[in-house]
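Everything below concerns the one structure shown next.
We name chains A, B, ... by the order of the sequence lines, and we start the count at 1 in each one.
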Amino acid sequence: MSDVMARVKKMVVEHLDVEEEKVTDNAHFIDDLGADSLDNVELVMAFEEEFDIEIPDDAAEHIQTVGDAVKFISEKVG
Amino acid sequence: MQRRVVVTGLGLVTPVGCGVEAAWSNILAGRSGARKIENFDVSDIACKVAAPVPRKSEFPDRADAFDPDDVMSARDAKRIDDFILYSIAAADQALADAKWAPKELGEEAQYRTGVMIGSGIGGLQTVYDASITLHEKGPRRLSPFVIPSMLINLASGQTSIRHGLKGPNHSVVTACATGVHAIGDAGRLIAHGDADVMVAGGGEAAITRLGIAAFVACRAMTTGFNDTPEKASRPYDKDRDGFLMGEGAGVVVLEEYEHAKARGAKIYAELRGYGLSGDAYHITSPAPEGEGGHRAMVAALKNSGLDVSDIGYVNAHGTSTPLGDELEVMAVEKLLGEHASNVLMSSTKSATGHLLGAAGAIEAIFSILALRDGMAPPTLNLDNPSVETKLDLVPHTAKPFEAKAVMSNSFGFGGTNAAVIFAKVD
């Protein structure tokens, strides 16, 4: 598991208060992990802070699964 | 014809403990919730004392300490301001006490149950923290939960979501009169048929650096008892020098009388009278002779259909400010006339401090319990009264009384006044 993946997983567990096993690559924040639209906004902000990157609003809209987040962040932090 | 309204559930989160019977026994025993402020910097603020809600993390051995974990997860609690947390906790208690769970009963019960929980100030710490974030880190760092955490009506909103209450969802904001207005207005909604059950009261959490400093700036707070916090709130006493800030929430379940009877609910008292008025005088000072407060009491008495001689106890607004306490005594004496010498009047703010928008709600509950037990709670620290009165101000020690009805007053900045009268059910 990549470093980004591990950190994203840890943050999702903390922010959404879900069990670690559920945070798979394909897990959808809203459909699978019980997030609502405000949770998503907060999570994206937390990613920005953790990885010191900027995630524009139109990009944030496409981050809907754990895998989406890992992919976007990995590309940004290179 | 108006329907009768009774009280069937109570909930309290206060500086003298969490839970109705625990807080009430502390009040009757004359225990103060005042202490030195330790959770934020007050080194440059003239007032260094307050009456915060005792938390389990601070007092692990106290059974009546407030534990947020009993209410919700730490993650959820972080997303709401404390005034909402306290309100939800008090509403949980009140609904459990009333044994009223509309979610389990179905849609009709849900549609007929509403919420009216107010606050004087709302999410002050949330606004403060968000301002700092905006200033230091910019707008993109603001949490999406800032607004739903600070909005006053979210105490009602959150409570309705939690318990599936789909009736009227409303909120009151009348500074320190909020709690009484919420209970009175909610009672009217039941009386007029908009709901059968209302969850009503107030929550406040303004013991923050901004809250204390700003009330000091308008010269309303005590500053002379920083080394002896339990002496700071001393309504009617010669040495009083301003109010002591409290925090917490009080929530009641109000219910239409026949509705309560039909389901065999425990009935504490009837909400008999409610009166409101405005001073039209000054933003922070009460009107001369307390005439605005007097008119609210007259209106409540008229609304109750009771005789003035039915009132045996008054829970005063009595904030321990130099001006307000004496004016209220004058206004109550004028209302009661000759009967004043038979009446006990005390200020439980001497123990709890001033809970602002929650004050009227917790004091309405103390009034209901005083009526139930025939015991008037004491006014602490009343060593040397500054005012001569026929009223018994119940100094230091609780006192028994017998009466059909009790009254509770609340007055707020802006010149807003409210009084409620609770009576034994015939």
Side-chain angles (χ1 to χ4, degrees), chain A residues 4 6-24 27-66 68-77, chain B residues 57 67-85 87-89 92 103 122-123 125-166 169:
Chain A
V4 171
R7 282 159 76 187
V8 165
K9 267 197 171 181
K10 187 164 174 284
M11 292 174 72
V12 171
V13 167
E14 276 170 18
H15 278 265
L16 300 182
D17 201 17
V18 289
E19 288 157 24
E20 207 179 324
E21 305 88 77
K22 288 190 177 163
V23 188
T24 59
H28 192 279
F29 293 127
I30 291 176
D31 295 342
D32 301 321
L33 301 176
D36 63 22
S37 57
L38 295 184
D39 292 324
N40 266 6
V41 174
E42 194 185 48
L43 202 50
V44 166
M45 284 177 55
F47 292 148
E48 287 184 316
E49 191 133 27
E50 170 79 12
F51 295 99
D52 196 21
I53 55 173
E54 193 169 314
I55 305 177
D57 287 351
D58 52 347
E61 277 172 32
H62 294 102
I63 298 179
Q64 297 192 358
T65 66
V66 176
D68 293 342
V70 172
K71 184 162 174 278
F72 184 90
I73 294 163
S74 299
E75 283 168 8
K76 277 270 184 177
V77 297
Chain B
S57 52
D67 189 352
D69 292 342
D70 290 344
V71 185
M72 61 181 69
S73 71
R75 168 182 165 266
D76 287 340
K78 245 172 53 185
R79 294 172 164 192
I80 56 172
D81 193 273
D82 279 350
F83 89 94
I84 299 177
L85 178 66
S87 299
I88 290 175
D92 284 0
K103 244 186 198 171
Q125 187 63 33
T126 300
V127 176
Y128 178 92
D129 290 340
S131 304
I132 303 284
T133 300
L134 179 63
H135 181 72
E136 291 182 347
K137 297 180 176 172
R140 288 185 55 84
R141 293 264 78 83
L142 286 175
S143 158
F145 295 100
V146 170
I147 296 295
S149 178
M150 59 164 268
L151 289 180
I152 283 178
N153 72 298
L154 262 282
S156 287
Q158 292 273 14
T159 299
S160 72
I161 294 163
R162 189 175 171 92
H163 294 283
L165 312 179
K166 299 187 177 185
N169 200 268

Side chain proximity check, [X] to [Y], heavy atoms < 4.5 angstrom:
X       : Y       : result
Q158(B) : I80(B)  : yes
D39(A)  : F145(B) : yes
T65(A)  : K71(A)  : no

Checklist line | Sidechain N-carboxylate O distance under 4.0 Å for E49(A), R141(B) | finding: yes

Margin query: Under 4.5 Å from any heavy atom of chain B, what part of L43(A) do you find: side chain, backbone, both or neither?
Written below: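 No part of L43(A) comes within 4.5 Å of chain B.
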
Next item on the list: Select one option (side chain, backbone, both, neither) describing which atoms of E14(A) are under 4.5 Å from chain B's heavy atoms.
Entry: backbone

Check: Which answer fits K78(B), side chain, backbone, both or neither, if we ask what part of it has an atom under 4.5 Å from a heavy atom of chain A?
Finding: neither

Note to self: At a 4.5 Å cut-off on heavy atoms, which part of S143(B) comes close to chain A: side chain, backbone, both, or neither?
What the structure shows: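 For S143(B), the contact with chain A is made by backbone and side chain together.
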
